[in-house]
*Asks:* 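Encoded as structure tokens, here's the structure I'll be asking about.
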Amino acid sequence: MFGYVIRRLLAAIPIALGVSIVCFSLVYLAPGDPIQTLLPPDADAETVDRLKRLYGLDRPLPVQYLEWLYRVSTGDFGKSIASGRPVAGEIYRSLGNTVLLAGLSVLVAFSIAFIMGTIAGRQSGTWIDRLVTGVAVLGVSIPNYWLGIVLVIIFSVELMALPSSGMASDKFDPTSWEHLQYLVLPVFTLSMIPVGIIARTTRSAVSEVMNQEFIVTLRANGLPEWRVLKHAIKNALPPVLAVMGLQFGTLMGGSILVETVFAWPGSGYLLSKAILTRDVPVLQGTILVLSMIFVLTNLTVDLFQSTLDPRIRRG
Amino acid sequence: MTPLVEVENLSVNFVTRESDVRAVNGVSFTMMPGEVMCMLGESGSGKSVTMRALMRLLPPKRSVITGSIRIAGQDVLAMNDATLRRMRGNSVSMIFQEPMTAFDPVVSVGDQIAEVVALHRGVSHRAGRQRALDLFDLVRIPSAQRRLDAYPHELSGGLRQRAMIALALSCEPKLLLADEPTTALDATVQIQVLILLRRLQQEMGMSVIFVTHDLGVAAEIADRVAVMYAGRVVETGPVRDLLRNPQHPYTAGLLASTVHDQPRDQDLKTIPGAPPDMRRLPPGCSFAPRCPLAGADCDAGMPPPVSPAPGRIVRCLRVSAPQVEFA
Amino acid sequence: MSTAVSDAARPGAPTGATELALPKQRGYWGNVGYRLRYDPVTLCFGGLLLLIILAAIFSPWLAPFDPYQESIIRRLKPPGFQGRYWLGTDELGRDMLSRLLYGGRITLTMGIVPVFIATLIGGGLGVVAGFAGGVVNMIIMRVTDVFYAFPSVLLAVAISGAMGGGAGNGMIALTLVFIPPLCRVAETATSQVRNLDFVDAARATGAPLRLVLWHHVLGNVLGPVLIYASSLVSVGIILASGLSFLGLGVKPPEPDWGLMLNALRQAIYVSPLVCAMPGIAILLTSISMNMVSDGLRSAMDVRS
Amino acid sequence: MAMTSFAVEEHDERDRGGPQQPLLTVTDLKKHFAIRGGILGRVTAQVRAVDGVSFVVRKGETLGIVGESGCGKSTVARLLMRLIVPDAGEQIFDGEAVGERGGISVAEMRRQVQMVFQDSASSLNPRMPVQNSIAFGPIAFGTPRAEAIGMARELLVKVGLNPALFGGRYPHELSGGQKQRINIARALALKPRMIILDEAVSALDKSVEAQVLNLLQALKRDLNLTYIFISHDLGVVRWISDRVLVMYLGEVVEIGPADELYNAPKHPYTSALLASRPALDPDNRREEAPVSGDPPNPINPPSGCRFHTRCPHVEAVCSAKAPMLGHGDHGAHLAACHMQDPTSGHSQAVRH
């Protein structure tokens with residue numbers, strides 16, 4: 001077991017390095033001299049030269065990458081072009097809000113979708129299975145940025161029941177309805193895709209387990225249906241939890257559209273503002289942090305899965 | 001003595017949108033307590049389906065069971081869910097062909113046995129595990145204490161099947177249904193498991209229905225043999241008589257075509273053709289298309305059962321004919 | 001002929017007759033088609049999808065107005081306006097129906113082209129990795145893993161954002177996003193097929209590798225890859241519209257569905273129904289694509 | 001229909017060394033599969049799937065290979081076809097070393113040696129009509145398509161299937177026995193001199209098994225074939241084989257003429273295997289299992305004689321030293337057991 005954990009950790013290192021290379025090269029994807037993307041357009045030639053030396057842009061690429069990697073690992077992501085403030089601080093301020101939004105959405109999605117999927121998987125082929133499958137397809141087919149707008153039209157414009165955008169204050173207080181009501185529409189909107197995906201995964205995992213031979217053994221030993229289902233769920237859970245973890249990571253990075261719709265001050269909103277102002281240091285830093293979180297989530301999911309399924313540990 | 005199992009005219013149809021498969025068509029037999037009966041037949045002959053029908057383990061929506069099943073005087077087909085559950089794993093239990101897939105892969109074997117014991121005996125999980133330990137000793141699993149905590153994939157094939165037997169015997173059943181329990185095992189392990197099962201059957205005095213396709217296995221363990229073909233029992237009789245003097249042309253053919261020290265320079269005797277498509281059974285005797293003795297009268301209807309000797313029942317129009325000589 | 005073993009026991013026995021009475025031989029794709037014909041849900045959504053695609057292709061002939069024609073006096077009119085603007089007008093007074101029809105062309109292209117290119121590249125890489133195994137497999141799959149380590153939306157936004165947006169860059173970004181998952185699916189399918197005995201049997205004939213690949217591996221890998229690719233088209237359309245929605249995809253005044261949605265957001269208080277329309281178009285397209293993909297998947301499942 | 005193409009050829013130009021030269025000689029064949037584990041994924045264990053196997057197959061004979069699951073018999077088959085690459089060992093086909101300079105190429109060897117697999121279902125391409133599967137080999141070697149399909153249909157007749165009824169069918173439309181006949185026809189398509197049958201009848205029902213065995217014997221006679229017949233079924237192996245080779249945990253424990261080996265086995269494992277067969281006689285049931293326990297894991301097998309953990313005659317020498325199979329003429333009856341070696345120091349060793 002310990003060996004497995006260490007091996008998974010070691011396997012994550014090259015991936016994390018690869019991710020950092022992709023993020024590093026983002027600056028070079030931009031048309032023109034990379035220095036231009038780091039500076040306001042009206043900077044004079046002298047400033048450009050000075051900054052080039054300062055950022056080491058006159059040196060060979062691998063050296064630049066290693067220096068950048070060193071800076072980044074010490075928490076120095078450079079300064080935002082738009083605000084002039086350190087990127088690290090901007091990311092830090094917004095990240096918490098995104099974790100809150102994504103985490104809540106995945107939890108909501110998981111609770112709904114797991115029940116839906118289990119019922120559908122247990123009775124595959126019935127009308128209830130078709131209904132759940134239909135809802136799941138709807139969940140993954142719906143453009144969530146559009147759903148957000150529709151919800152705003154209904155609940156904010158027509159019914160005037162919920163706020164349409166933003167957050168009550170910078171400091172989130174989970175006990176206050178004043179604060180919570182800002183979360184309702186974004187969380188609902190953001191959970192649509194994971195509901196679809198988790199429900200589908202649960203459905204196929206449960207129905208696959210229910211078709212296995214050992215379910216017959218359990219029934220042949222007189223276990224009541226709810227206990228048979230308990231065994232089935234225990235078997236179906238590892239893949240479903242893996243997908244759930246994956247969805248959390250995806251939402252961390254994928255909430256950009258929904259955060260934009262609801263002007264939710266998270267990292268996605270930060271990213272979308274950075275795109276509009278072509279603020280490359282913020283873009284690069286945010287993407288690096290979000291994808292590293294994604295890598296870490298996957299790793300955690302992997303390790304957690306191995307504690308649930310004794311067969312994985314051997315591999 | 002009253003029979004333990006009485007099955008009468010049992011039929012099972014699997015209904016799908018596209019087809020109607022008649023897996024079992026009118027099987028009847030009775031069994032005395034303490035008897036070992038082998039259901040012998042090839043794949044698709046309906047022997048496993050019959051087993052599962054006895055415990056009502058077939059998917060209720062896709063299968064239609066007709067006829068009557070009585071075990072220990074109780075009508076199985078009329079049982080409500082609670083009564084059925086009390087019977088399963090308690091007075092009637094089952095062993096499967098592939099112990100790897102028959103155990104829950106993510107729960108240790110000890111816990112799986114303990115769960116069943118706790119359920120039927122109404123004892124604590126701890127007491128259930130103690131019982132599991134005793135059972136492991138009974139089925140001769142070495143280092144039993146350590147093996148209780150093993151997951152199914154950590155055991156060898158032979159040990160897994162022993163653990164499966166321990167699970168099936170955990171509540172001292174009156175009837176054990178064994179569905180090809182030695183087919184997936186190696187030769188040197190198969191004989192160990194057969195001897196173990198025979199010993200346990202004698203010690204516990206339970207009845208066993210043992211499904212197999214292997215004549216040798218039947219010869220090792222059975223008191224009585226029922227030969228199945230295309231969803232019907234075509235011949236039953238005491239194991240000695242049946243193996244020495246098969247009456248039904250199918251049984252005779254099966255015996256003749258089983259490779260067992262025949263001379264090497266001669267062709268093996270064979271049954272021509274292949275078993276019928278269960279969606280389109282022949283109108284009369286289902287063996288008629290492959291039978292060397294068949295005539296037009298065989299296509300008229302299923303031959304009625306006749307008894308050429310005490311304890312033997314054969315469904316063939318030609319049984320009064322002299323000894324069947326196989327091509 | 002001494003070796004032939006007769007399959008029928010006696011002449012004229014029913015055995016021969018039952019063999020002749022077997023269902024007509026349709027072949028694999030024939031069977032898939034046969035099953036699809038009896039799947040009304042898939043057929044319905046397939047019809048809808050066909051309608052959407054045809055409408056997009058023939059938009060110049062179907063659209064009642066010029067999609068770029070602005071008018072200050074008829075801005076944000078409700079559906080049915082003057083009996084001529086059936087779906088109303090947008091924030092610049094352009095006819096919604098015409099814009100939606102033309103928009104279909106752009107949005108569908110943005111969604112389908114990247115999937116198509118990614119299927120060729122990613123699928124090809126996956127088949128090579130799956131069949132070659134060893135070091136080649138390791139190199140291809142480890143690089144794939146790196147791109148897999150980004151959430152798809154984020155990777156699309158990152159690449160097109162860094163490249164400065166635009167329809168072309170958007171499509172490049174989406175292609176890059178789709179290559180890794182397609183590569184994985186193709187690799188898994190190939191290594192599964194590769195381990196089946198019939199591939200070994202084909203190799204055991206001593207036939208050249210390319211013939212074994214072509215006749216025995218590709219045909220069996222194509223199915224799962226195509227099914228997966230078809231399910232990605234819907235993701236592609238949503239992502240492409242999303243990019244345009246963020247201002248990273250198609251530039252105004254092109255009538256892309258995502259871009260229209262973004263532009264109309266300002267008008268939700270005035271004309272909510274019109275605002276919802278581009279989203280409905282995206283939803284209908286992606287849901288039909290998903291349903292058709294699901295239908296294909298179950299029709300192509302040999303086991304059932 | 002012209003039936004010339006598969007008729008017996010009086011003189012096979014591929015036959016180089018004449019009837020006295022063995023068709024196949026295998027010396028010290030080895031294949032170890034690495035098990036990776038630990039922190040850096042280093043090789044922590046070796047599955048010794050095939051560990052020094054040597055044998056000779058004469059032209060026109062059938063060599064049976066028996067053993068329990070995991071003994072390496074299927075790996076031997078795949079090694080002989082070079083579907084997996086051996087770690088060590090020499091393979092000489094009709095006097096020419098396979099895959100070596102100056103010898104015969106792997107591709108050429110494969111044309112002359114064909115294989116039939118156990119799982120009749122997965123050994124046919126599900127997306128291909130069966131006659132195309134049969135014709136694939138000839139087409140790959142340049143036979144025109146129409147001609148190859150014609151040949152395939154002739155082969156269908158040869159294996160007892162009506163080409164008009166079965167040629168265009170897909171594998172899922174056939175029964176297990178029919179599929180295995182197709183597999184045999186496919187193996188015959190390149191007119192091989194040798195066929196390796198890896199558990200070719202094990203998945204079939206008894207009544208169908210006998211049909212296919214008769215077919216195999218008839219084909220062998222008609223087409224001058226040589227067989228390696230691999231199976232776990234002792235009865236079937238005895239009926240079809242001239243000589244039998246017994247494997248245990250990757251090693252050859254005994255080899256000899258079939259009747260001699262069955263009537264007077266020399267290795268305790270062979271005796272145990274034979275005694276484990278059900279009796280077919282209810283009055284003569286086995287009361288005691290010949291050996292206890294499962295075969296050990298081929299990962300890190302027991303030291304010395306690999307059977308010593310289960311052997312009833314085990315002595316100190318058995319775990320200390322590995323017994324040798326020894327050498328002998330073709331047709332000699334040899335066993336790798338210390339009891340067969342007078343100098344081994346085993347108390348029950350034979351005296352000469």
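Residue numbers start from 1 in every chain, and the chains themselves are labelled A, B, ... in the order their sequence lines are given, proteins ahead of strands.
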*Asks:* Under a 4.5 Å heavy-atom cutoff, which of D/Val291, D/Asp283, D/Ile240, D/Asn284 has the most pairs with chain B?
*Replies:*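 The option with the most such pairs is D/Asp283.
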*Asks:* Going by side chain to side chain contact (heavy atoms under 4.5 Å, CB included), B/Thr270 matches just one of D/Leu213, D/Asn214, D/Leu215, D/Val208. Which one?
*Replies:*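 It is D/Asn214; the other options fail the test.
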*Asks:* Of all the residues in residues 292-299 of chain D, which have a heavy atom that comes within less than 4.5 Å of a heavy atom in chain B?
*Replies:*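 Within residues 292-299 of chain D, near chain B: D/Ser292, D/Gly293, D/Asp294, D/Pro295.
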*Asks:* Quick one: do B/Arg264 and D/Asp259 make a salt bridge, cutoff under 4.0 Å?
*Replies:*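 Yes.
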*Asks:* Walk me through it: do B/Glu220 and D/Asp281 pass the test side-chain contact (heavy atoms from CB on, under 4.5 Å)?
*Replies:* CA-CA 7 Å; B/Glu220 279 291 339; D/Asp281 176 7; over 6 Å; no
*Asks:* Please determine, among B/Asp186, B/Thr258, B/Val217, B/Leu159, the option with the most heavy-atom pairs under 4.5 Å with chain D.
*Replies:*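 Ranked by contacts with chain D, first place is B/Asp186.
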*Asks:* Mind ranking D/Ser175, D/Ala258, D/Ser241, D/Gly177 by heavy-atom pairs under 4.5 Å with chain B and telling me who comes out on top?
*Replies:*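 Heavy-atom pair counts peak at D/Ser241.
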*Asks:* If you look at every heavy atom in D/Pro278 and B/Gln190, which pair is closest and at what distance?
*Replies:*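 Answer, listing the atom of D/Pro278 first, then B/Gln190: CG-NE2, 3.6 Å.
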*Asks:* What residue, out of B/Arg140, B/Arg198, B/Gln262, has the most heavy-atom pairs lying under 4.5 Å from chain D?
*Replies:*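 So the answer, after comparing B/Arg140, B/Arg198, B/Gln262, is B/Arg198.
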*Asks:* Using a 3.5 Å distance criterion without hydrogens, assess whether the side chain of D/Trp239 forms a donor-acceptor pair with backbone atoms of B/Val259.
*Replies:*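 Between the backbone of B/Val259 and the side chain of D/Trp239 there is no qualifying donor-acceptor contact (under 3.5 Å).
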*Asks:* Chain D heavy atoms under 4.5 Å from B/Arg199: which part of the residue, side chain, backbone, both or neither?
*Replies:*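 It is neither, since no heavy atom gets under 4.5 Å.
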*Asks:* Under a 4.5 Å heavy-atom cut-off, does chain D meet the side chain of B/Leu243, its backbone, both or neither?
*Replies:*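 Answer is side chain: those atoms of B/Leu243 sit under 4.5 Å from chain D.
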*Asks:* Chain D heavy atoms under 4.5 Å from B/Pro142: which part of the residue, side chain, backbone, both or neither?
*Replies:*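 When you check distances to chain D, no heavy atom of B/Pro142 falls under 4.5 Å.
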*Asks:* Rounded to the nearest 0.5 Å, what separation is found between the NZ atom of D/Lys206 and the CD atom of B/Glu42?
*Replies:*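 Answer rounded to 0.5 Å: 10.0 Å.
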*Asks:* Might you confirm whether atom CD of D/Glu288 has over 12 heavy atoms from other residues, nucleotides or ligands at distances under 6.0 Å?
*Replies:*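 Atom CD in D/Glu288 is not packed in, count stays at 12 or less.
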*Asks:* Of the backbone (N, CA, C, O) and the side chain (C-beta and beyond), which part of D/Glu209 lies under 4.5 Å from a heavy atom of chain B, both, or neither?
*Replies:*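 Side chain only.
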*Asks:* In terms of heavy-atom pairs under 4.5 Å, which option from D/Arg238, D/Gln217, D/Arg285, D/Glu287 contacts chain B the most?
*Replies:*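 Among the listed options, the one with the most contacts to chain B is D/Arg285.
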*Asks:* Between B/Val189, B/Val239, B/Asp267, which residue shows the highest count of heavy-atom pairs closer than 4.5 Å to chain D?
*Replies:*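 Highest number of pairs under 4.5 Å: B/Asp267.
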*Asks:* Just verifying a value: how many Å separate D/Arg286 CZ and B/Ile221 CD1, rounded to the nearest 0.5 Å?
*Replies:*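 Reported to 0.5 Å precision, the distance equals 14.5 Å.
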*Asks:* Under 4.5 Å heavy-atom distance to chain D, tell me which part of B/Gln266 shows up: side chain, backbone, both or neither.
*Replies:*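 Just the backbone, heavy atoms under 4.5 Å.
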*Asks:* Is the side chain of D/Glu68 donor-acceptor paired with the backbone N or O of B/Thr188 at a distance under 3.5 Å, no angle test?
*Replies:*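 Side chain of D/Glu68 to backbone of B/Thr188, a donor-acceptor pair under 3.5 Å: yes, one is there.
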*Asks:* Which residues, numbered in order, of residues 226-234 of chain D come under 4.5 angstrom of chain B by heavy-atom distance?
*Replies:*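 Hits under 4.5 Å: none found.
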*Asks:* Side chain, backbone, both or neither: which part of B/Leu185 has an atom under 4.5 Å from a heavy atom of chain D?
*Replies:*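 For B/Leu185, no heavy atom lies under 4.5 Å from chain D.
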*Asks:* Given that the side chain runs from C-beta out, which part of B/Arg162 has a heavy atom under 4.5 Å from chain D: side chain, backbone, both or neither?
*Replies:*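 Nothing of B/Arg162, per the 4.5 Å heavy-atom cut-off to chain D.
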*Asks:* Which residues in residues 223-235 of chain B have any heavy atom lying under 4.5 Å from a heavy atom of chain D?
*Replies:*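 Hits under 4.5 Å: none found.
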*Asks:* In terms of heavy-atom pairs under 4.5 Å with chain B, which of D/Ser207, D/Pro290, D/Gly70 leads?
*Replies:*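 Sorted descending by pairs with chain B, the first entry is D/Ser207.
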*Asks:* Using a 4.5 Å heavy-atom cutoff, which residues in residues 242-253 of chain D come close to chain B?
*Replies:*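 Answer by number: D/Asp242.
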